[in-house]
**Student:** 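Please find one structure pasted underneath; my questions will follow.
Heads up: numbering here begins at 1 and tracks the sequence. Worth saying up front: this structure is predicted, and the values here are computed from it rather than measured.
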Amino acid sequence: MAGSKPAPAAKPAAKPDHTEAIPYRDGGGLNMQPIEQAAPAGGEQTYVVKPGDNLFRISLNHGLKYKDVAEWNNLPDTGIKVGQVLRLTPPGAAPAVKTTQAPAAQPVSAPPPALAANAGHAAASATGGETKTYPKALKLPYGSEAAKDIAAQSEGRGGKNNNAQASSSPVSPPPGKKQEASTAVSAAPAQEASAPTAKQEEDAVAWAWPTEGKVIKGYSDSNKGIEISGRQGQAVLAAGDGKVVYSGTGLRGYGKLIIIKHNKTFLSAYAHNSQLLVKEGQTVKKGQKIAEMGNTDADQVKLHFEIRRFGKPVDPMQYLEHKS
């Protein structure tokens with residue numbers, strides 16, 4: 001019809017999109033660096049005094065000298081009050097800086113077979129549906145036969161047996177490198193295991209029985225050591241080399257007490273003595289007479305003997321040689 005507008009041309013139909021959605025996989029290698037985290041401000045250790053506590057017991061439980069604790073807290077004497085906060089580290093001790101190693105970036109693993117197949121299908125569709133399988137990149141064991149057949153196999157001609165053998169046979173590294181790798185792997189656990197062993201040997205104590213007699217009470221939750229019977233005035237001996245860090249009667253329930261520090265790990269305590277023969281700060285040897293057995297703060301003549309590891313009581317029978 002004259003004067004009418006021409007009909008708009010039809011738009012061509014959109015081609016179907018054969019591209020399949022593939023889940024997101026992080027392929028970027030992140031450069032992760034160690035992160036330094038400072039310890040909380042004022043890296044000092046403190047203790048709040050509870051009912052029944054005294055300076056001697058607190059110091060013993062934390063493996064410290066009561067004189068040091070008194071000095072760190074400016075105490076004129078050994079008197080403390082319930083609720084008082086005691087410093088258990090020297091004033092001005094710098095807080096430790098802890099370095100935390102961030103986890104290393106993990107290599108991106110190959111996509112699952114289903115995704116790989118979908119990707120191949122999409123590529124085949126884009127090239128018109130034809131999938132080429134040759135030429136191939138092959139890995140064959142070294143040899144003259146492999147050199148002759150590699151060209152034919154890469155183009156898909158013959159050599160089926162060799163091709164199957166190549167796909168199934170693992171490629172082993174040279175003997176020298178394999179031996180070096182296995183040596184490095186086996187050496188790592190050995191070095192890790194040697195560290196605690198060296199520490200144990202460094203802090204080990206050659207323990208000996210502190211006196212003669214029968215064990216009349218063993219270690220338990222209520223009895224933090226062992227009790228050995230004997231007679232009044234019987235010799236009490238140092239169970240190992242060390243330095244006397246306490247000699248006195250200030251710890252209620254222990255009577256006349258001696259505490260020996262053997263190293264940074266172990267202390268030993270000797271309670272209920274009738275006489276104390278060594279002074280604080282004195283160095284003693286294993287088997288040296290340090291006191292005489294008695295019954296101070298006890299219901300009978302006996303020696304109460306404790307071993308403390310990092311200030312915590314442990315069963316002395318684990319360390320003493322068993323008597324026949």
**Student:** How far apart are the closest heavy atoms of Ile228 and Glu212, and which atoms are they?
**Tutor:**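 Residues Ile228 and Glu212, closest heavy atoms: CG2-O, 4.0 Å.
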
**Student:** What are the two closest heavy atoms between Arg308 and Glu306, and how far apart are they?
**Tutor:** NE-OE1, 2.9 Å

**Student:** Spell out, as yes or no, whether a donor-acceptor pair under 3.5 Å connects the side chain of Arg57 to the backbone of Arg252.
**Tutor:** yes

**Student:** For the residue pair Tyr270 and Phe305, does the interplanar ring angle fall in the parallel (under 30°), tilted (30 to 60°) or perpendicular (over 60°) class?
**Tutor:** tilted

**Student:** Between NE2 of His262 and CZ of Arg309, what distance do you get to the nearest 0.5 Å?
**Tutor:** 14.0 Å

**Student:** I'd like to know whether the aromatic ring centres of Tyr254 and Phe56 sit less than 6.0 Å apart in this structure.
**Tutor:**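 Not close enough - the centres of the two rings lie 6.0 Å or further apart.
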
**Student:** Would you give the length of the straight line joining atom CZ of Phe310 to atom NE2 of His62, rounded to the nearest 0.5 angstrom?
**Tutor:** 14.0 Å

**Student:** Which residue in the set Gln234, Gln275, Lys256 passes side-chain contact (heavy atoms from CB on, under 4.5 Å) when paired with Glu292?
**Tutor:**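 The single option meeting the side-chain contact (heavy atoms from CB on, under 4.5 Å) with Glu292 is Gln275.
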
**Student:** Ignoring hydrogens and angles, tell me if any N or O in the side chain of Tyr219 forms a donor-acceptor pair with the backbone of Pro313 under 3.5 Å.
**Tutor:** yes

**Student:** When you measure from the side chain of Asn263 to the backbone N and O of Phe266, does any donor-acceptor pair fall under 3.5 Å?
**Tutor:** yes

**Student:** For the atom pair CG (Asn273) and CG (Leu257), what is the distance rounded to the nearest 0.5 Å?
**Tutor:** 7.5 Å

**Student:** Just by modelled atom types, is the Gly253 backbone N or O under 3.5 Å from a matching donor or acceptor in the Asp297 side chain?
**Tutor:**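 The answer is yes, because a donor-acceptor pair under 3.5 Å joins these two groups.
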
**Student:** Flag yes if Ile258 and Val301 sit in one hydrophobic cluster, no otherwise; membership is Ile, Leu, Val, Met, Phe, Trp, Tyr, and two members link when side-chain heavy atoms are under 4.5 Å apart.
**Tutor:**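 Yes.
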
**Student:** Quick check against the 3.5 Å criterion: does His272 have a side-chain atom that pairs as donor or acceptor with the backbone of Thr296?
**Tutor:**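 A pair under 3.5 Å: yes.
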
**Student:** Salt bridge between Lys65 and Glu280, side-chain N to carboxylate O under 4.0 Å?
**Tutor:**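 Not counted as a salt bridge, because no side-chain N and carboxylate O are separated by less than 4.0 Å.
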
**Student:** Any chain of hydrophobic side-chain contacts (each under 4.5 Å) joining Trp207 to Val245?
**Tutor:** no

**Student:** From Lys50 NZ over to Ile58 CD1, what is the distance, rounded to the nearest 0.5 angstrom?
**Tutor:**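 Spacing of NZ (Lys50) from CD1 (Ile58) equals 8.0 Å.
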
**Student:** Is there a continuous path of hydrophobic side-chain contacts, each under 4.5 Å between heavy atoms, that joins Trp209 to Leu303?
**Tutor:**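 Linked within one cluster.
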
**Student:** Using side-chain contact (heavy atoms from CB on, under 4.5 Å) as the criterion, point out the one residue from Val284, Leu276, Thr283 that pairs with Val244.
**Tutor:**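 With Val244 as partner, Val284, Leu276, Thr283 yield a single side-chain contact (heavy atoms from CB on, under 4.5 Å), made by Val284.
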
**Student:** Looking only at non-hydrogen atoms, find the nearest pair between Gly225 and His304 and report the distance.
**Tutor:**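 Of all heavy-atom pairs spanning Gly225 and His304, the closest is N-CE1, 3.9 Å.
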
**Student:** Transitively linked via ILVMFWY side-chain contacts under 4.5 Å: Tyr319 with Ile259?
**Tutor:**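 No, it is not one cluster - the side chains of Tyr319 and Ile259 are not joined through contacts under 4.5 Å.
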
**Student:** Same cluster for Leu267 and Ile260 if Ile/Leu/Val/Met/Phe/Trp/Tyr side chains link at under 4.5 Å?
**Tutor:**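 Cluster IDs for Leu267 and Ile260 differ.
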
**Student:** Which distance, rounded to the nearest 0.5 Å, do you find between the CG of Leu237 and the NZ of Lys289?
**Tutor:**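 Answer for the CG-NZ pair, Leu237 versus Lys289, is 8.5 Å.
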
**Student:** For residues Ala70 and Leu55, report the shortest heavy-atom separation together with the two atoms involved.
**Tutor:**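 Nearest pair, atom of Ala70 first, then Leu55: CB-CD2, 3.9 Å.
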
**Student:** Can you check whether Leu75's main-chain N or O pairs, donor with acceptor, with Asn73's side chain at less than 3.5 Å?
**Tutor:** no

**Student:** Which pair of heavy atoms, one from Lys81 and one from Val49, lies closest together, and at what distance?
**Tutor:** O-CB, 3.2 Å

**Student:** Does any part of the side chain of Gln300, heavy atoms only, come nearer than 4.5 Å to the side chain of Ile216, both counted from C-beta?
**Tutor:**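 A side-chain contact exists here, since the closest heavy-atom pair is under 4.5 Å.
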
**Student:** Could you tell me whether a side-chain N or O of Thr46 sits under 3.5 Å from a main-chain N or O of Arg87, the two making a donor and an acceptor?
**Tutor:** no

**Student:** Hey, could you give me the OG/CG distance between Ser59 and Leu64, rounded to the nearest 0.5 Å?
**Tutor:** 6.0 Å

**Student:** Can you check whether Ile290 reaches Leu277 side chain to side chain, under 4.5 Å on heavy atoms?
**Tutor:** no

**Student:** Is a side-chain donor or acceptor of Asn223 paired with a backbone partner of Ser220 at a separation under 3.5 angstrom?
**Tutor:** no

**Student:** Surrounding CD of Gln318 (heavy atoms of other residues, nucleotides or ligands, distance under 6.0 Å), is the total greater than 12?
**Tutor:** yes

**Student:** Consider side chain to side chain donor-acceptor pair (under 3.5 Å). Of Lys214, Lys302, Lys217, which one does Glu227 pass it with?
**Tutor:**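 Of the listed options, the one satisfying the test is Lys302.
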
**Student:** Within the 4.5 Å heavy-atom criterion, are Ile226 and Leu320 side-chain neighbours or not?
**Tutor:**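 Yes, their side chains come closer than 4.5 Å.
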
**Student:** Please determine, by modelled atom types, if Asn61 and Tyr47 share a side-chain donor-acceptor pair under 3.5 angstrom.
**Tutor:**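 Absent: no donor and acceptor within the cut-off.
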
**Student:** Look at atom NZ of Lys243 and say whether more than 12 heavy atoms of other residues, nucleotides or ligands are closer to it than 6.0 Å.
**Tutor:** no

**Student:** Using a 4.5 Å cut-off on heavy atoms from C-beta on, say whether the side chain of Asn295 contacts that of Gln232.
**Tutor:**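 They are in side-chain contact.
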
